[in-house]
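Everything quoted here is computed from the prediction, not taken from an experiment.
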Amino acid sequence: MKRIYFDHSATTPTDPEVAKLMLEYMTDKFGNPSSVHAFGREVRKALDTARENVAALIGAKTNEIFFTSGGTEADNLALKGIAFANRKKGNHIITTSIEHHAILHSCEYLEKQGFEVTYLPVDENAMVSIEDIKKAITDKTILISVMFANNEVGTIQPIKEIGQLAREKGIYFHTDAVQAAGNYPIDVNEYNVDLLTLSSHKFYGPKGVGVLYVRKGVRLDSVQHGGGQERNVRPGTENVPGIIGLGKAAQIAKQEMPSRMAHMTALRDKLIKGIQTKIPDIKLNGHPTKRAPGNVNFSFRYVEGEALLLNLDLKGIAASSGSACTSGSLDPSHVLLAMGLTHEVAHGSLRISLGRGNTEEDIDYCLEVLPEILERLRAMSPLNATSPAKECTLCSHCH
Ligand code: PLP
């Protein structure tokens with residue numbers, strides 16, 4: 001059976017060129033970059049190249065790039081690092097209710113340490129309002145953290161405007177760009193960003209490696225302490241193969257950016273249009289235009305997302321019913337609920353996240369099997385049979 005991977009927001013396959021280079025740094029070039037001898041020096045040089053490639057991907061300087069074990073660690077470092085270093089200045093942080101748990105749970109931890117956090121609401125498209133941010137700012141606000149693109153519904157936030165506001169008010173601005181970096185053009189200067197998180201495995205690099213970009217001059221405490229690597233901001237012997245792989249993936253991403261964007265956007269729009277044309281009782285989740293190039297997210301009335309997933313899997317299609325990190329839990333997605341969806345509708349959601357390897361044929365196949373599966377599931381659904389009314393129950397605004 002043909003197998004189609006539609007879960008690129010969860011992770012992407014490592015580019016073979018990336019994997020080949022990584023292998024070299026696991027076998028022949030195995031030195032510790034802190035060693036002064038030739039084995040160490042050749043690895044140090046390769047790490048410098050990786051740093052240059054990552055910096056070039058986001059318009060940063062090389063000394064503003066700090067390698068971490070992934071997006072989760074970079075988010076933790078950004079929030080805790082800023083909070084603890086700037087405690088005397090203030091104790092207030094602004095974020096949104098639709099962030100990844102790496103942000104939300106770090107905020108909850110900081111609340112226990114005496115910090116105050118404002119979790120801003122979003123509208124029905126998962127968009128945060130600049131006015132709400134303005135209103136939330138106090139003289140104690142030290143950090144605003146708003147994600148670039150949402151991992152579940154793909155909505156792209158007004159990052160440039162938020163950055164500008166933060167700059168005017170003298171507040172640090174962090175963005176979790178895990179779902180955007182490598183797949184969407186980012187320039188930290190154009191966007192007025194002070195701190196930015198990215199993760200290698202979302203753009204054809206290896207898992208377990210990421211970056212926190214920290215603008216020069218930003219005051220940040222380190223979270224872990226050790227041997228002084230990464231200029232003491234993130235000590236610990238570097239994950240050399242991972243970092244080398246990330247650097248290569250960043251270089252490829254920069255080269256491929258225009259074609260990657262165009263390809264994924266075309267496939268995304270074809271799939272969205274196809275689903276809207278062929279399937280009734282649906283709701284597109286996320287912003288209709290300001291959305292990540294590969295993201296498609298729908299709620300299908302009368303069905304359970306999990307049943308839909310299993311049935312798609314039987315047909316060879318791998319998708320997701322929520323974020324990678326929350327799937328496995330039966331709680332409805334906090335993002336969909338924050339957008340005003342009812343529990344029932346949130347449960348019937350499906351995320352399809354496209355990648356550079358997907359083709360038009362993949363989309364055609366999906367548009368062939370998805371309506372059949374839905375028809376079958378809906379025919380069996382007790383939600384369908386017992387639902388007396390035909391009015392829209394797709395969101396809490398009309399229900
Ligand atoms: N932030 C966002 C928006 C994500 O989507 C993810 C992972 O899915 C993370 C952070 C965590 O990144 P990592 O898997 O590298 O720890």
Side-chain angles (χ1 to χ4, degrees), residues 9 57-60 71 74-75 78-79 82 92-100 102-104 107 117-138 141-198 202 212-213 215 218 257 261 264-265 268-269 272 284-297 323 334-340 353 397:
S9 290
L57 181 68
I58 56 169
D75 280 346
L79 267 69
I82 289 291
H92 181 230
I93 295 167
I94 298 173
T95 189
T96 80
S97 50
I98 60 159
E99 300 293 312
H100 189 270
I103 294 289
L104 293 177
C107 284
V117 182
T118 301
Y119 301 91
L120 294 172
V122 290
D123 69 12
E124 67 276 17
N125 291 327
M127 194 64 87
V128 72
S129 127
I130 296 278
E131 284 310 310
D132 284 351
I133 300 179
K134 268 189 202 157
K135 278 188 225 145
I137 292 173
T138 71
T141 310
I142 49 174
L143 178 69
I144 299 173
S145 181
V146 176
M147 72 200 315
F148 202 106
N150 183 265
N151 44 305
E152 295 186 41
V153 298
T155 300
I156 294 179
Q157 300 296 337
I159 295 301
K160 193 172 174 172
E161 290 76 9
I162 301 171
Q164 205 172 328
L165 173 66
R167 185 71 47 88
E168 281 163 20
K169 301 277 181 190
I171 299 166
Y172 290 136
F173 176 42
H174 167 253
T175 186
D176 174 344
V178 166
Q179 292 293 336
N183 293 300
Y184 191 90
I186 293 179
D187 185 303
V188 288
N189 294 316
E190 185 193 331
Y191 285 109
N192 307 307
V193 166
D194 296 312
L195 302 111
L196 178 143
T197 295
L198 64 81
K202 308 292 184 177
L212 181 64
Y213 154 81
R215 184 176 292 281
V218 169
M257 188 66 73
M261 285 270 293
M264 292 203 294
T265 309
R268 177 196 72 187
D269 293 346
I272 290 178
L284 176 67
N285 296 316
H287 197 280
T289 53
K290 291 173 188 155
R291 67 188 302 138
N295 178 286
V296 177
N297 188 314
S323 82
H334 67 286
V335 175
L336 297 176
L337 295 183
M339 291 162 62
S353 44
H397 300 285

Please report the shortest heavy-atom distance between [X] and [Y], naming the atom on each side.
X      : Y      : result
Met257 : Pro185 : SD-N, 3.8 Å
Pro121 : Asp132 : CG-OD2, 4.0 Å
Thr138 : His92  : OG1-ND1, 3.6 Å
Leu120 : Ala136 : CD2-CB, 4.0 Å
Val188 : Gly59  : CG2-O, 3.6 Å

Residue pair [X] / [Y], side-chain donor-acceptor N/O under 3.5 Å:
X      : Y      : result
His174 : Ser145 : yes
Thr197 : Asp75  : yes
His334 : Ser97  : no
Arg291 : Asn150 : no

Are any non-hydrogen side-chain atoms of [X] and [Y] less than 4.5 angstrom apart?
X      : Y      : value
Leu337 : Val335 : no
Thr141 : Ile94  : yes
Phe173 : Leu165 : no
Pro158 : Lys290 : no
Leu195 : Leu212 : yes
Ile137 : Ile144 : yes

First locate atom [atom1] of [X], then atom [atom2] of [Y], and finally report the distance between them rounded to the nearest 0.5 Å.
X      : Y      : atom1 : atom2 : result
Ile130 : Gln164 : CD1   : CD    : 9.0 Å
Asp176 : Leu198 : CG    : CG    : 9.5 Å
Glu190 : Ile159 : CD    : CD1   : 12.0 Å
Ile82  : Asp194 : CD1   : CG    : 7.5 Å
Lys135 : Ser129 : NZ    : OG    : 6.5 Å
Asn151 : Glu99  : CG    : CD    : 9.0 Å

Do side-chain atoms of [X] reach the backbone of [Y] as a donor and acceptor pair under 3.5 angstrom?
X      : Y      : answer
Arg215 : Val193 : yes
Ser353 : Asn295 : no
Glu152 : Leu336 : no
Thr265 : Met261 : yes
Thr96  : Ile98  : yes
Arg167 : Ile162 : no
Lys202 : Ser9   : yes
Asp187 : Asn192 : no

Exercise for review: Mind running side-chain contact (heavy atoms from CB on, under 4.5 Å) on Leu143 and Leu79 for me, showing each step along the way?
Suggested key: CA-CA 8 Å; Leu143 178 69; Leu79 267 69; 4.1 Å; yes
Practice item. In sequence, state the C-alpha distance, the side-chain angles, and the governing distance for Tyr213 and Ile58, and then conclude on side-chain contact (heavy atoms from CB on, under 4.5 Å). Key: CA-CA 9 Å; Tyr213 154 81; Ile58 56 169; 3.8 Å; yes
Review point. Does the pair Thr155 and His287 meet the rule for a side-chain hydrogen bond (donor to acceptor under 3.5 Å, both in side chains), with working shown?
Key: CA-CA 5 Å; Thr155 300; His287 197 280; over 6 Å; no
Review point. Under the side-chain contact (heavy atoms from CB on, under 4.5 Å) criterion, do Val117 and Thr95 qualify, and how do the steps go?
Key: CA-CA 7 Å; Val117 182; Thr95 189; 3.9 Å; yes
Practice item. I would like to know whether Val128 and Val146 meet side-chain contact (heavy atoms from CB on, under 4.5 Å); could you show each step before the answer? Key: CA-CA 9 Å; Val128 72; Val146 176; 4.2 Å; yes
Check your understanding: Between Phe148 and Tyr184, does the ring centre distance come in under 6.0 Å?
Key ->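 Centroid separation for Phe148 and Tyr184: below 6.0 Å.
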